[in-house]
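A short worksheet on the structure shown next.
Everything numeric in this text was worked out from a predicted model, so none of it was measured. When reading the values below, keep in mind they use all heavy atoms of this one structure, side chains included, and skip hydrogens, waters and symmetry mates.
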Amino acid sequence: MCGRYFLTTPGAVLAEAFGLDAMPELAPRWNVAPSQRVPIVRAAGGGGRELALVRWGLVPFWAKEAAIGNRLINARAESLAEKPAFRDSYRKRRCLVPADGFFEWQKVGAGKQPWLLRLRGGGVFGMAGLWSSWRDPASGEPLESCAIVTTAPNELAATVHDRMPVLLPRALHAAWLAPAASPSELAPLLAPFPADGMEAFPVSKLVNNPARDEPACIEPA
DNA sequence: CCAGACGTTGTT
DNA sequence: GTCTGG
DNA sequence: CCAGACGTTGTT
DNA sequence: GTCTGG
């Protein structure tokens, strides 16, 4: 799955890597947790792409309360076309979630060991995501939110965990974001990223605590 | 018809 | 909003 | 994902 | 054990 990640690439590099219309101001993040505001890349008017800050944890448009989003932080690639919580977003509101890597927890005896996974040699990439626009029926407050799509693990990730996020190489960004894409065009994009293009290493349990957002979270332990 | 769910992960 | 279960 | 809370009444 | 918050 993907319940924690990091994004330290500067806004200027991000704008180039994702073809953004404008350059965003972004502080580096070493420990991004669900419920926080995260940057996503989505199609904008005029065929461009924009960066938006939305809450991680998708709140479907029909939800009565925002709390449902606390548990919808991931969407299974195998079923997102059918699930009521995701299918509408899958059809009309796909996005990329920029990251430099993500964390997975490996069961070790009674405890857990956090691992960092990223592209071999590092570098920013896009995770497949869905977003939603919701308005609180009680207060009228609008809220935009997102979920990260997960798939089966490749051979590397499988040594740590049984799910991983969908990583989209730059060549596939346009296909995933295309507003008129059909299910048959989208489904093949949701495959596990090749293991030989990635690397993984254990990190400090410092990352367990969402309050510890610091460089040590991504150093080998 | 109305009521209630709508999700993933991990653990048992 | 839409589907399933009663 | 993990960490931390998990409750009511009455009084200040 | 389960839910909420980050």
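- Taking a 4.0 Å limit (strictly below) on heavy-atom distances, residues 56-66 of chain A reaches DNA chain C at A/Phe61, A/Trp62.
- Shown for residues 85-103 of chain A: residues whose heavy atoms fall under 4.0 angstrom of DNA chain B, namely A/Ala85, A/Phe86.
- With both ends at atom P, the span from B/dT11 to D/dC2 equals 8 Å, rounded to whole Å.
- Within the structure, a side-chain polar atom (N or O) of A/Arg163 is placed less than 4.0 Å from OP1 or OP2 of B/dT9.
- D/dG4 sits 28 Å from B/dT8 when the P atoms are compared, rounded to a whole Å.
- Annotation: side chain of A/Leu130 is in contact with side chain of A/Arg94 (closest heavy-atom distance under 4.5 Å).
- To the nearest 0.5 angstrom, A/Ile40 atom CD1 is 9.0 Å from A/Leu96 atom CG.
- Within a 6.0 Å sphere centred on CD of A/Glu78, other residues, nucleotides and ligands contribute more than 12 heavy atoms.
- The interatomic distance linking A/Met164 (CE) with D/dC1 (P) rounds to 16 Å, in whole Å.
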Which pairs would a plain distance check flag for residues 53-64 of chain A, meaning a side-chain donor or acceptor within less than 3.5 Å of a matching protein atom at least two apart in sequence or in another chain?
| residue | atom | partner | partner atom | Å |
| --- | --- | --- | --- | --- |
| A/Arg55 | NH2 | A/Asn70 | OD1 | 3.2 |
| A/Trp56 | NE1 | A/Ile73 | O | 3.0 |

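- E/dG5 and D/dG7: their P atoms are spaced 12 Å apart (whole Å).
- Annotation: B/dA5 and D/dT9 have their P atoms spaced 27 Å apart (nearest Å).
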Show which side-chain atoms of residues 1-17 of chain A pair as donor or acceptor with protein atoms under 3.5 Å away, not counting sequence neighbours.
| residue | atom | partner | partner atom | Å |
| --- | --- | --- | --- | --- |
| A/Arg4 | NH1 | A/Asn31 | OD1 | 3.1 |
| A/Arg4 | NH1 | A/Val207 | O | 2.8 |
| A/Arg4 | NH2 | A/Asn208 | O | 3.2 |
| A/Thr9 | OG1 | A/Asp100 | OD1 | 2.7 |
| A/Thr9 | OG1 | A/Asp100 | OD2 | 3.1 |
| A/Glu16 | OE1 | A/Arg170 | NH1 | 3.4 |

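- Hydrophobic clustering, with ILVMFWY side chains joined whenever heavy atoms are under 4.5 angstrom apart, groups A/Ile148 together with A/Met198.
- Between A/Asp136 and A/Leu143, every side-chain heavy-atom pair lies at or beyond the 4.5 Å cut-off.
- Of the N and O atoms on the side chains of A/Glu82 and A/Ser79, not one donor lies less than 3.5 Å from an acceptor on the other residue.
- Atom C1' of nucleotide B/dT8 and atom CD of A/Glu82 are separated by 16 Å, given to the nearest angstrom.
- Put simply, the side chain of A/Arg163 reaches to within 4.5 Å of the side chain of A/Arg76, judged on heavy atoms.
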Can you check salt bridge (Lys or Arg N to Asp or Glu O under 4.0 Å) on A/Asp88 and A/Arg93, steps first, answer last? CA-CA 8 Å; A/Asp88 191 67; A/Arg93 287 179 294 277; 2.3 Å; yes

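- Consecutive pairing runs in DNA chain B reach the stem threshold at B:1-6 with C:1-6, where a stem means at least three Watson-Crick or G-U wobble pairs with distances under 3.5 Å.
- A donor-acceptor pair under 3.5 Å is formed between the side chain of A/Arg120 and the backbone N or O of A/Asp196.
- With sequence neighbours left out, A/Glu199 forms a salt bridge (Lys or Arg N to Asp or Glu O under 4.0 Å) with A/Arg118.
- Residues satisfying the ring pair (Phe, Tyr, Trp, His ring centres under 6.0 Å) criterion with A/Phe18, sequence neighbours excluded, are A/His173.
- Shown for residues 105-117 of chain A: residues whose heavy atoms fall under 4.0 angstrom of DNA chain B, namely A/Lys107, A/Lys112.
- Clustering of Ile, Leu, Val, Met, Phe, Trp and Tyr side chains at separations under 4.5 Å leaves A/Val108 isolated, with no partner residue.
- A heavy-atom distance below 4.5 Å is found between the side chains of A/Val166 and A/Val149.
- Looking only at side-chain heavy atoms (C-beta outward), A/Met164 and A/Leu117 stay at 4.5 Å or farther from each other.
- The existence of a salt bridge linking A/Arg42 and A/Glu50 is confirmed by a sub-4.0 Å separation between a basic side-chain nitrogen and an acidic carboxylate oxygen.
- The list of ring-ring contact (aromatic ring centres under 6.0 Å, His included) pairs with a residue in residues 108-157 of chain A, not counting sequence neighbours, is empty.
- Annotation: proximity of residues 145-158 of chain A to DNA chain B (heavy atom, distance under 4.0 Å) is found for A/Thr150, numbered in ascending order.
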Distances for protein N or O near nucleotides 3-6 of chain E N or O, under 3.5 Å:
| residue | atom | partner | partner atom | Å |
| --- | --- | --- | --- | --- |
| E/dG6 | N9 | A/Ser35 | OG | 3.1 |
| E/dG6 | N7 | A/Pro34 | O | 3.0 |
| E/dG6 | N7 | A/Ser35 | OG | 2.4 |
| E/dG6 | N2 | A/Arg4 | NH2 | 3.3 |

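- Remark: C1' of D/dC1 and CG of A/Asp162 are 13 Å apart, rounded to the nearest angstrom.
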